[in-house]
Amino acid sequence: MRTPDYACAVLSTVASLRGAPGDVADAVGVRMARQRIVHSGRCFAFIIEEWVLRTVVGDSTVMAAQLGQLIPNPYGNSSRTRLAD
């Protein structure tokens with residue numbers, strides 16, 4: 001459920017903080033391939049805590065695209081998003 005830019009920002013930050021190898025592009029590719037199952041027509045339920053939505057990752061463009069990924073699209077996206085109380 002991540003956009004490539006969001007995944008890149010997260011993984012770049014983790015790699016920098018931990019001194020990990022600079023294979024971020026490969027890791028993003030693997031994650032994007034793995035999340036294709038989410039769009040395979042199967043039904044999934046995800047719990048996303050509020051702090052995750054409020055934590056800024058990357059810049060405002062990255063965050064806007066990522067939040068747009070999580071908001072349901074009334075024009076054909078089969079996913080459903082609900083806010084929990």
Side-chain angles (χ1 to χ4, degrees):
M1 297 191 20
R2 294 179 175 176
T3 64
D5 288 340
Y6 184 88
C8 183
V10 168
L11 293 170
S12 294
T13 300
V14 170
S16 173
L17 291 173
R18 295 188 178 174
D23 59 350
V24 171
D26 291 337
V28 169
V30 168
R31 281 162 177 75
M32 294 302 103
R34 189 174 55 203
Q35 82 176 11
R36 280 190 223 138
I37 194 167
V38 172
H39 304 288
S40 68
R42 298 173 69 185
C43 183
F44 294 90
F46 299 95
I47 297 173
I48 303 171
E49 295 189 23
E50 182 178 352
W51 71 268
V52 173
L53 300 174
R54 292 185 181 274
T55 302
V56 177
V57 176
D59 60 20
S60 60
T61 303
V62 170
M63 287 303 296
Q66 179 60 30
L67 292 174
Q69 176 92 351
L70 300 174
I71 297 171
N73 177 356
Y75 304 107
N77 185 344
S78 62
S79 67
R80 293 179 293 180
T81 302
R82 291 187 307 175
L83 298 176
D85 293 331

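What you see is a predicted model, and the numbers here were worked out from it, not measured in a lab.
The two residues Met63 and Leu53 have their closest heavy-atom pair at CE-O, 4.2 Å. Across all non-hydrogen atoms, the minimal contact from Ile37 to Ser40 is O-OG, 2.6 Å. Smallest separation of non-hydrogen atoms from Gln35 and Gln69: NE2-NE2, 4.1 Å. Closest heavy-atom contact between Met1 and Leu70: CE-CD2, 3.2 Å.
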Residues 43-50 side chain polar contacts: donor-acceptor under 3.5 Å, at least two apart:
from  : atom 1 : to    : atom 2 : distance (Å)
Glu49 : OE1    : Trp51 : NE1    : 3.0
Glu50 : OE2    : Arg54 : NE     : 2.6
Glu50 : OE2    : Arg54 : NH2    : 2.9

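Following chains of ILVMFWY side-chain contacts shorter than 4.5 Å, one cannot reach Val10 starting from Val52, and the two form parts of different hydrophobic clusters.
Between the Ser16 side chain and the Ser12 main chain, no donor and acceptor come within less than 3.5 Å of each other. Panel note: side chain Asp59, backbone Val62; a donor-acceptor pair is recorded below 3.5 Å.
Summarising the hydrophobic clusters (Ile, Leu, Val, Met, Phe, Trp, Tyr; side-chain heavy atoms under 4.5 Å, direct or chained), the residues clustered with Val28 are Leu11, Val24, Met32.
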